[in-house]
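Per chain, numbering begins at 1; letters A, B, ... match sequence-line order.
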Number of protein chains: 2
Amino acid sequence: MSANTFHKLRDEIENGIVTGEFAPGERLDELQLATRFGVSRTPIREALMQLSAIGLIETRPRRGAVVVDPAPDRIYEMFEVMAELEGMAGALAARRHTEEDRLALLSAHEKCEAAEASEDTDRYYYDNELFHSAIYAASHSTFLEEQCMVLHKRLRPYRRLQLRVRNRMKVSLREHGDIVAAIVSGDADAARALLRGHVAVQGDRFGDLIANLGRREIRKPSLST
Amino acid sequence: MSANTFHKLRDEIENGIVTGEFAPGERLDELQLATRFGVSRTPIREALMQLSAIGLIETRPRRGAVVVDPAPDRIYEMFEVMAELEGMAGALAARRHTEEDRLALLSAHEKCEAAEASEDTDRYYYDNELFHSAIYAASHSTFLEEQCMVLHKRLRPYRRLQLRVRNRMKVSLREHGDIVAAIVSGDADAARALLRGHVAVQGDRFGDLIANLGRREIRKPSLST
DNA sequence: CAAGACATTCTTGTATACATAATAGTTGAC
DNA sequence: GTCAACTATTATGTATACAAGAATGTCTTG
């Protein structure tokens, strides 16, 4: 792909954000990042500019960049939109999927089943991404696929949080099964409805999410002076 | 808002792109832009970085930035997603709109009617944006509103193209009327369906769009040497 | 002892300089 | 005459330097 410094830096920092290394609300010091990555401030700034445009960080003039820390209602809105887009992807996938798409989807589903069976949350988390990516790809709308991937990334930290809820993995897997059936059988409406329900944080799940937001790792290592 | 140079430059260049001053496929020379705006290359680059992240321009390593020139099928995909998001906004608006929202929507609709009556395409084009913005706002989902605005901006050049089709303004206005009725009466499903149909470029409209793509202003002023 | 003002320091924002890759033009050879 | 290779120029990518604003800490005064 592109072997530019700022490009790599962007991915690096973005990754740091979605994995939680850079916690929401954390200040991103340009000089600090520059020395850490062994480059000057220039490519760091350019990477931050891009992340700012995507919405992963916020920059206030003369006051630096901070990792966005969306309020619960905003997180809810993001899931709401994600649900709609995934539903759309599912509906298109049901109509347009090829044999390859079908095999990729089934393969991803089986991996999720294995992960659930071994009760490996991290693995399930990873394979779950494969599963959803397979649906995006099967929609055969590259633009929709891109949009879904972007939003998926932004929601990654909160998605992870949700898996902490008891039995969520098992319920999620069951829903996956229904989704696969709908897509494979070409039932666009069902695929849309099932994916909407699968992704949205409705009812109790919203409460669970809020509760887990508080249980994250400590934001700022409380200064001990 | 933010009085930073690169911020203003970003808006300036972005505006130039959506208005067509910078045509699709056109190369954006950093030095040229820098001298034009009377600044150094640094803030120009930062502005371009942001536009690149949004997807308005493409940057190939060591080969500069060009305004994206999406293929017709990609434009179609973008309208497809836009239709879905607008449908969602309409559905939410039908359920959640306040008295203020209702008045704003009706006001925007009336402006569109006046523009259509005077057969002023440019004015209709502008008021049409107000109309759609009113729906986004009425959805009371700030995230959805933002997403819609971003996509709306990206599609602006092609939306404009569509108005060239005979009678499109009249048809569009009639659809607006139905949409308003659905939202005001609180019929979420109808609002969703109507907005989807209104925004999507289905059937003949896709053909019309393709045809008009060729009729744009000359991309590159053919060199006469 | 507390509160406000001033100064110092740190960080961001912009400009400039330098290095490197790409492109175009020219020259030479077949 | 055409094609290829080499050179020169131009533009991008990164580093560094400089300027300006914000934050913090200290000192003075009430």
Side-chain angles (χ1 to χ4, degrees), chain A residues 1-14 16-17 22-23 25-69 219-225, chain B residues 1-14 16-17 22-23 25-69 219-225:
Chain A
M1 277 273 190
S2 39
N4 277 4
T5 307
F6 74 85
H7 231 138
K8 281 182 288 187
L9 288 173
R10 178 171 64 76
D11 293 345
E12 200 94 31
I13 299 173
E14 176 178 335
I17 292 173
F22 300 115
E26 183 175 332
R27 171 104 173 277
L28 295 174
D29 188 88
E30 295 176 4
L31 200 59
Q32 199 173 309
L33 291 169
T35 53
R36 165 171 169 174
F37 290 111
V39 295
S40 83
R41 276 177 52 221
T42 306
I44 294 285
R45 276 186 70 84
E46 300 189 339
L48 292 180
M49 286 291 152
Q50 298 223 11
L51 296 178
S52 163
I54 295 173
L56 268 175
I57 65 175
E58 260 174 0
T59 65
R60 293 235 258 291
R62 288 273 173 203
R63 303 191 59 190
V66 294
V67 180
V68 289
D69 189 8
R219 299 270 178 83
K220 312 225 172 188
S222 54
L223 320 169
S224 54
T225 40
Chain B
M1 277 271 188
S2 39
N4 276 6
T5 306
F6 74 86
H7 230 138
K8 280 182 286 187
L9 288 173
R10 178 171 65 77
D11 293 344
E12 201 95 30
I13 299 172
E14 177 179 333
I17 292 174
F22 299 116
E26 183 175 332
R27 171 101 174 278
L28 295 174
D29 188 88
E30 295 177 1
L31 201 59
Q32 199 173 308
L33 291 169
T35 54
R36 165 172 171 175
F37 290 111
V39 297
S40 83
R41 275 177 53 223
T42 307
I44 294 285
R45 278 186 68 84
E46 300 190 338
L48 291 181
M49 287 290 151
Q50 297 223 10
L51 295 177
S52 164
I54 294 174
L56 269 175
I57 66 176
E58 260 175 1
T59 64
R60 293 235 258 289
R62 285 273 171 201
R63 302 190 62 189
V66 294
V67 179
V68 290
D69 189 9
R219 298 270 179 81
K220 310 224 174 191
S222 54
L223 319 170
S224 53
T225 34

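- Annotation: side-chain contact (heavy atoms from CB on, under 4.5 Å) contacts of S40(A) (sequence neighbours excluded): T42(A), P43(A).
- Atoms OG and NE2, from S52(A) and H7(B) in turn, are 6.5 Å apart once rounded to the nearest 0.5 Å.
- OP1 or OP2 of dT14(C) sits under 4.0 Å from a side-chain N or O of T5(B).
- Under the side-chain contact (heavy atoms from CB on, under 4.5 Å) rule, L9(B) has a single partner from L48(B), V39(B), L51(B), which is V39(B).
- Atom CD1 in I44(B) sits about 15 Å away from atom C1' in dT16(C), given to the nearest Å.
- Within the structure, every side-chain polar atom (N or O) of T42(B) is placed at least 4.0 Å from both OP1 and OP2 of dT14(C).
- A straight line from CE of M49(B) to P of dT12(D) spans 11 Å, rounded to a whole angstrom.
- Taking side-chain N and O atoms only, R63(B) has no distance below 4.0 Å to OP1 or OP2 of dA21(C).
- Considering only side-chain N and O atoms, R45(B) lies nowhere under 4.0 angstrom from the phosphate OP1 or OP2 of dA15(D).
- In this structure, L33(A) places its CG atom 18 Å from P of dC10(C), rounding to the nearest Å.
- For E30(A), the listed nucleotide lying nearest its side chain is dT12(C); candidates were dT14(C), dT12(C), dT14(D).
- Of the candidates R45(A), R10(A), E14(A), Q50(A) forms a side-chain hydrogen bond (donor to acceptor under 3.5 Å, both in side chains) with just one, namely R10(A).
- L48(B) places its CG atom 16 Å from the C1' atom of dT14(D), with the value rounded to the nearest Å.
- If you find the closest nucleotide of DNA chain D to L28(B) and to P43(A), the one lying nearer the 5' end belongs to L28(B).
- At whole-Å resolution of the value, CZ in R10(A) and P in dG13(D) are 13 Å apart.
- Between the CD1 atom of I44(B) and the OG1 atom of T35(B) there is a distance of 8.5 Å, given to the nearest 0.5 Å.
- Rounding to the nearest 0.5 Å places CZ of F6(B) at 10.0 Å from CG of D11(B).
- Taking atom CG on N4(A) and atom C1' on dA11(D), their separation rounds to 13 Å, with Å as the unit.
- Taking atom CD on E46(B) and atom C1' on dT12(D), their separation rounds to 15 Å, with Å as the unit.
- A53(B) approaches I54(A) most closely through the heavy-atom pair CB-CG1, 4.1 Å.
- Nucleotide dT12(C) holds its C1' atom 15 Å from the NE2 atom of H7(B), rounded to whole Å.
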What are the atom names and distances for every N/O pair under 3.5 Å that joins the protein to nucleotides 18-21 of chain D?
unit_1, atom_1, unit_2, atom_2, d
dA20(D), N3, R62(A), NH1, 3.4

